[in-house]
Amino acid sequence: MSTLELVAPHADDDGAIARSRHPWQAAIGLVLLLSAGWLVATIVDNPQLDLGAIPKYLFDPAILKGLRTTVLISLISMGIGIVLGTVVAVMRLSRIRTARTLSGVYIWIFRGTPQLVQIIFWFNLALVFPRISLGIPGIGTLWSASTNSVMTSFTAAIVALGLNEGAYMAEIVRAGILSVDRGQTEAAQAIGMTPGQTLRRIVLPQAVRVAVPPTGNELIAMFKASALVFVIAGGDLMTNAQLISSQNFQVIELLVVASIWYLVLTTITTVVQRRLELKLSPQMPRRTGRRGLPLRPLAGRWSR
Amino acid sequence: MTAVQAGPIMAAREVHKFFGEIHCLRGVSLEVGRGEVTCLIGPSGSGKSTFLRCINRLEAHDRGQLLVAGEAVGYRACENGGWRLAKERELARQRRRVGMVFQRFNLFPHLSALDNVMEGPRQVQRVPKEQAREAAVALLARVGLQEKANARPAELSGGQQQRVAIARALALKPELMLFDEPTSALDPELVGEVLTVMSELARDGMTMIVVTHEMAFAREVADRVAFMADGQIVELGAAEQVLGDPQQERTIDFLRRVR
């Protein structure tokens, strides 16, 4: 912040000081501007590109349907990831060795193999287990169905991305929990709270503050990773864009259309994340929140 | 439980505690009667805080017996006369009769002062919300902070935070209050307000065990003073006697240095 205040008087001066730029700056700027203009011109003039197709397909029903699926897959998978990640993080920090090992193995596998592999694996589950049944050993089957009827491309996408996300969220939540001062747990114990109450009422609410920024990152990554489900014909934005371009051969145009929507989604996420961060640190003066260092909301404003 | 009402609220017999190789408590024995104020003094590293933390089992002692209200802290009696480690739930129940105030306050930063005080009664004793709120407001008034009910801990001074922490501990109507160097983390000008609240508590008959470096407070408020060094109680007696006319070499030496 201090550097900002030091610079400010310069900007207010109307004389030569305010314009003390590097002598080459104008020249470099001009070169860059010309290059950009040239680039735009080659794109606009290019007979190989049909720019009109972009606005035309941007609101195409198939694209919008794909967008809806992309949002659904991403949000549901993220929800699964957050719940699963919280459970796994708590297990990871448990005193019970079995719980620690189990969660460690889970993270190891699902964080250690490619998302693409996991998506294809779940979609092809029927090759290994043709039927899925739910039952109690010795009593009988409660429910049974063919795997293919359950594992549609949509459920496969959610299962794959959700389980994968859980492994990443587990590490984020764990870092959040570990960031909470040990004295908080002691204070909760001292007023007679059980470990469960301590976790729910005292530790997790404080862990959230630390977990929000990386979770926003994860959601952005999730929107983009959901494009992978086009390999199992997931019916998402990417699938439908590919479907259209395979018919009209306007590959680049439809990639641009899809990219515009991905940018919209990630931009909204960024804005929501920033709002949430500000809301979770009510002690922080709004003024510094807007202009301060990006890490500002993380700084220990809750210091005792 | 009613049968032991007459006995000491806290009784420690030959309590030992190890941190790895370090023999931190070397047979501490102490009894505290109801309504009594006991101050633990001594050089840092003498084990006074560790002993205090053993009383509500924030640390588990390794040997010896620790009874609060006649119950072995952290254990439960078995039918065959033996002892077993208490389950977390039982331990939580045992801790409810002991209030604790920490050196660094440890208020819950995401809750207002009022919610900090209400948290125990609401979550642990399942007191109805309105009733808990009324009690919490009264407690904040008792520590002189009724107008700060809606403030977050970060908006309060150290002294105010510690007074809220005292109110939070009192909210569970404890039979015994433990204070772990409650004024050591405070700016000098804020120490007085906390000691005043503690003196009032003592006058109202609260049973208190206080680890402190405030000799004036100990002399004024404590019934008894225990001087600890190297994990043992070296000298124990009336506050007047231990502070005014110490008998042991180490006590004399320590008091000369803190003065």
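Reckoned from all heavy atoms, side chains included, excluding hydrogens, waters and symmetry mates. Convention: sequence-line order gives letters A, B, ...; per-chain numbering from 1.
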Pick one of side chain, backbone, both or neither for A:Q197, based on which atoms fall under 4.5 Å of a heavy atom in chain B. side chain
Should the ring pair A:F110 and A:W122 be called parallel, tilted or perpendicular, given that the plane angle runs from 0 to 90° and is split at 30 and 60? parallel
Given salt bridge (Lys or Arg N to Asp or Glu O under 4.0 Å), test B:E155 with B:K148 step by step and report yes or no. CA-CA 9 Å; B:E155 296 163 338; B:K148 294 285 184 189; over 6 Å; no
Does A:F129 CZ have over 12 foreign heavy atoms under 6.0 Å away? no
With a 4.5 angstrom heavy-atom cut-off, is it the side chain or the backbone of B:F102 that approaches chain A, or both, or neither? side chain
Does a sphere of radius 6.0 Å around CZ in A:R68 hold more than 12 heavy atoms from other residues, nucleotides or ligands, not counting ones at 6.0 Å or beyond? no
Checking heavy atoms, do the side chain of B:R57, its backbone, both or neither come under 4.5 Å from chain A? neither
Could you have a look at B:Q123, B:R168, B:E88 and say which one has the most heavy-atom pairs with chain A under 4.5 angstrom? B:Q123
So which residue, B:M100, B:R53, B:Q125, ends up with the most heavy-atom pairs under 4.5 Å with chain A? B:R53
Is NZ or CZ of B:R163 both nearer than 6.0 Å to the six-membered ring centre of B:F105 and within 45° of the ring axis? no
